[in-house]
There are 2 protein chains.
Amino acid sequence: MELWYTEQHTQNVRFTIKVDEQLYNGQSEYQRIDVFKSKEFGTFLTLDGLMMVTEKDEFIYHDMIVHVPMATNPGIKNVMVIGAGDGGTVRELTRYNGIENIDMVEIDKMVVDVCREYLPQTASKLDDPRVHLYFEDGLRFVRSKENTYDLVIVDSTDPFGPGEGLFTREFYGNCFKALKEDGILVNQHESPYYDEYAQAMQRAHKRIQEYFPICKVYQAHIPTYPSGHWLFGFASKKYDPVTDIKEESWNRLGIKTKYYNTDIHKGSFALPTYVKDLLTDTVE
Amino acid sequence: MELWYTEQHTQNVRFTIKVDEQLYNGQSEYQRIDVFKSKEFGTFLTLDGLMMVTEKDEFIYHDMIVHVPMATNPGIKNVMVIGAGDGGTVRELTRYNGIENIDMVEIDKMVVDVCREYLPQTASKLDDPRVHLYFEDGLRFVRSKENTYDLVIVDSTDPFGPGEGLFTREFYGNCFKALKEDGILVNQHESPYYDEYAQAMQRAHKRIQEYFPICKVYQAHIPTYPSGHWLFGFASKKYDPVTDIKEESWNRLGIKTKYYNTDIHKGSFALPTYVKDLLTDTVE
């Protein structure tokens, strides 16, 4: 017998992984949650059938969503993380001794419970004393915050299903308000390659630009996401991620990483011409 | 009825494309040649079942294999291209008025004939008067050349089957000899992500380093290749691709590209830490 997990990247493209066994299958109030074990990628988590994290390459996503803002402003102390139920983003944040508080707001407690059991590689630092877990809607949580955080990380699912509200104008405006005067917003920003993802990327970029004076996009190679070409948004009230990077300070911290380094930090903001064109296109 | 093309990226990972129809299927002296039509990627060519080019994203590969060396030394006049039967590499080279001669050495004439018929998008410039086609083994062709070329591009298949000889010490040594004193060798350099490809990448890098004083690796996002994370090798007798780039000269040429620009040129040499580690590992 053979067992294969398949994700449709588009109606016409499928990515398929040989599975040793299904470790978990459950339905939360918000979404279907599955955990599989595979030879190629180790244990991996899917939500509503879409790939979220694999043991093999989660380091790429988590390195790039955390260390890029942290090297831009190593003085970050107070962080809000929205989504990120697998815990990988929090794990990377806890490596910074300078961070004093992490508010993690995940709508779906069941995702966190499942990851604590099946994905200790990512969930291992959720019990750090600086981490405060809120099982609430991030959209609602952020509304009440003002001039509070140095960094907001939006580690969301795609803009359909439970993650939809995290791609709206209202949400980005509230993130702006929740940030201090030198605050940074980083979000997962979809892919430029397949049409449906590219449209989500364009919309997100346009909406974030309405609030933030500095608004850039950077990229990483994440082979288990559709097209393998994944983007992050970097929006900021003060710091430019390329010209204001504190290379020496960050390298002095001695944080060992498998994907991130200060050269790729700068290089990741150099985008292909077709991606730059998509980002400057006017879309609604 | 549905028709799906599947490539095994590893024993445990498959990439599958919905196909409208198979346009061509033939067996040459060297390999099996197929051409398919698809909604997502347009017409695409496979050799021995492995993805070579698609109409949708061939621009990424061809931009990066040609414009990186050309922007490093815009004075390049005499070029040898090995492999590249689809014609896309030659098409990009012919956009430079300064190039006087292109020797293209492709072992399999049938690939060129098939691409002329089914992939005019890439094959369109093979009749440029500066292009000289040699249907020979590149390994043998390059042996007789000395101090002749400004640029050698190795646009080969993977290091098994007919492309195998293009990853050997002997071949790289002969490329070194065939190049002038400021010559550049660029080759497709496999992927760092899946083990089998990563080993080929390590071997190629180590062998090229035995001959060339400057030996770097750069990357691109090519979604239809295994893992989508693809590498190129830049080996050179004189020019460093990052510090010697002639940005202004290249931008003055006004060559319109969809992937390449002089920022991504520099950014593409910033590699993830795990890739740098693989490249400095000692392998045989």
Side-chain angles (χ1 to χ4, degrees), chain A residues 2 4-20 38-41 56-57 59-60 63-64 191-195 218-231 242 256-277, chain B residues 2 4-20 38-41 56-57 59-60 63-64 191-195 218-231 242 256-277:
Chain A
E2 291 191 354
W4 292 80
Y5 157 85
T6 297
E7 179 174 343
Q8 295 233 146
H9 286 177
T10 78
Q11 277 199 313
N12 305 306
V13 181
R14 292 176 179 168
F15 184 67
T16 300
I17 299 170
K18 194 171 185 182
V19 163
D20 292 335
S38 72
K39 280 203 179 47
E40 193 67 47
F41 301 104
K56 178 177 169 126
D57 69 7
F59 73 94
I60 302 172
D63 269 15
M64 291 305 275
S191 165
Y193 187 75
Y194 294 123
D195 285 348
Y218 61 104
Q219 63 190 358
H221 289 90
I222 306 181
T224 50
Y225 283 0
S227 87
H229 188 175
W230 211 256
L231 302 176
V242 178
K256 219 171 131 56
T257 46
K258 274 169 68 187
Y259 191 90
Y260 179 84
N261 55 62
T262 48
D263 288 332
I264 207 168
H265 174 128
K266 293 175 286 177
S268 69
F269 285 90
L271 301 177
T273 302
Y274 86 96
V275 180
K276 293 206 283 183
D277 290 346
Chain B
E2 291 191 355
W4 292 81
Y5 157 84
T6 297
E7 178 174 344
Q8 294 234 147
H9 287 177
T10 77
Q11 275 200 316
N12 305 305
V13 181
R14 293 176 179 169
F15 185 68
T16 300
I17 298 171
K18 195 172 183 181
V19 163
D20 292 335
S38 72
K39 279 202 182 49
E40 195 66 47
F41 300 105
K56 179 179 169 124
D57 69 7
F59 73 94
I60 303 172
D63 268 15
M64 292 304 277
S191 165
Y193 189 74
Y194 295 123
D195 286 349
Y218 62 104
Q219 62 189 0
H221 288 90
I222 306 182
T224 50
Y225 282 1
S227 87
H229 188 175
W230 212 256
L231 303 176
V242 178
K256 219 171 132 53
T257 46
K258 275 169 68 188
Y259 192 91
Y260 179 85
N261 55 63
T262 48
D263 287 333
I264 208 167
H265 175 127
K266 293 176 285 179
S268 68
F269 285 90
L271 301 177
T273 303
Y274 86 96
V275 180
K276 293 205 285 185
D277 290 347

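First the proteins, then the strands, lettered A, B, ... as listed; each starts at 1. The basis for the numbers below is simple: all heavy atoms, side chains too, and nothing from hydrogens, waters or symmetry mates.
- Only the side chain of B:F41 comes within contact range of chain A, judged by heavy atoms closer than 4.5 Å.
- For the residue pair A:K18 and B:Q11, the shortest heavy atom distance occurs at CD-O, 4.5 Å.
- Of all heavy-atom pairs between A:N261 and B:P272, the closest is ND2-C, 3.9 Å.
- For A:K256, no part lies near chain B; criterion is any non-hydrogen pair under 4.5 Å.
- The OG1 atom of A:T273 sits 11.0 Å away from atom CD1 of B:I60, with the distance rounded to the nearest 0.5 Å.
- Of the listed residues (A:S191, A:G228, A:P226, A:S227), the one with the most heavy-atom contacts under 4.5 Å to chain B is A:S227.
- The two residues B:W4 and A:N12 make their nearest non-hydrogen contact at CZ3-O, 3.7 Å.
- Scored by the ring pair (Phe, Tyr, Trp, His ring centres under 6.0 Å) test, B:Y218 finds B:F232, B:F269 as partners (sequence neighbours excluded).
- Note: B:H229 and A:H221 have parallel aromatic rings, judged against thresholds of 30 and 60 degrees for the angle between ring planes.
- Note: B:R14 CZ to A:I17 CD1 = 12.0 Å, rounded to the nearest 0.5 Å.
- When all heavy atoms are compared, the tightest approach of A:L271 to B:I264 is C-CD1, 3.6 Å.
- Using a 4.5 Å heavy-atom threshold, the side chains of B:E40 and A:T10 count as touching.
- Using a 4.5 Å cut-off between heavy atoms, A:Y260 contacts chain B through its backbone alone, with no side-chain atom that close.
- The candidate from B:Q219, B:H9, B:E2, B:K39 with the greatest count of non-hydrogen atom pairs under 4.5 Å with chain A is B:Q219.
- Using a 30° and 60° split on the angle between ring planes, B:F59 and A:Y274 fall in the perpendicular class, above 60°.
- The cationic group of A:K56 lies under 6.0 Å from the six-membered ring centre of B:Y193 and within 45° of the ring axis, placing it in a cation-pi geometry.
- Under the 4.5 Å side-chain criterion, counting only non-hydrogen atoms from C-beta, A:Y259 is not in contact with B:V275.
- Contact detail for B:G267 and A:A270: the closest heavy-atom pair is CA-CB, 4.4 Å.
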Worksheet item: Do A:T16 and B:F15 pass the side chain to side chain contact (heavy atoms under 4.5 Å, CB included) test, and can you show the C-alpha distance, the side-chain angles, and the key distance before you say yes or no?
Response: CA-CA 6 Å; A:T16 300; B:F15 185 68; over 6 Å; no
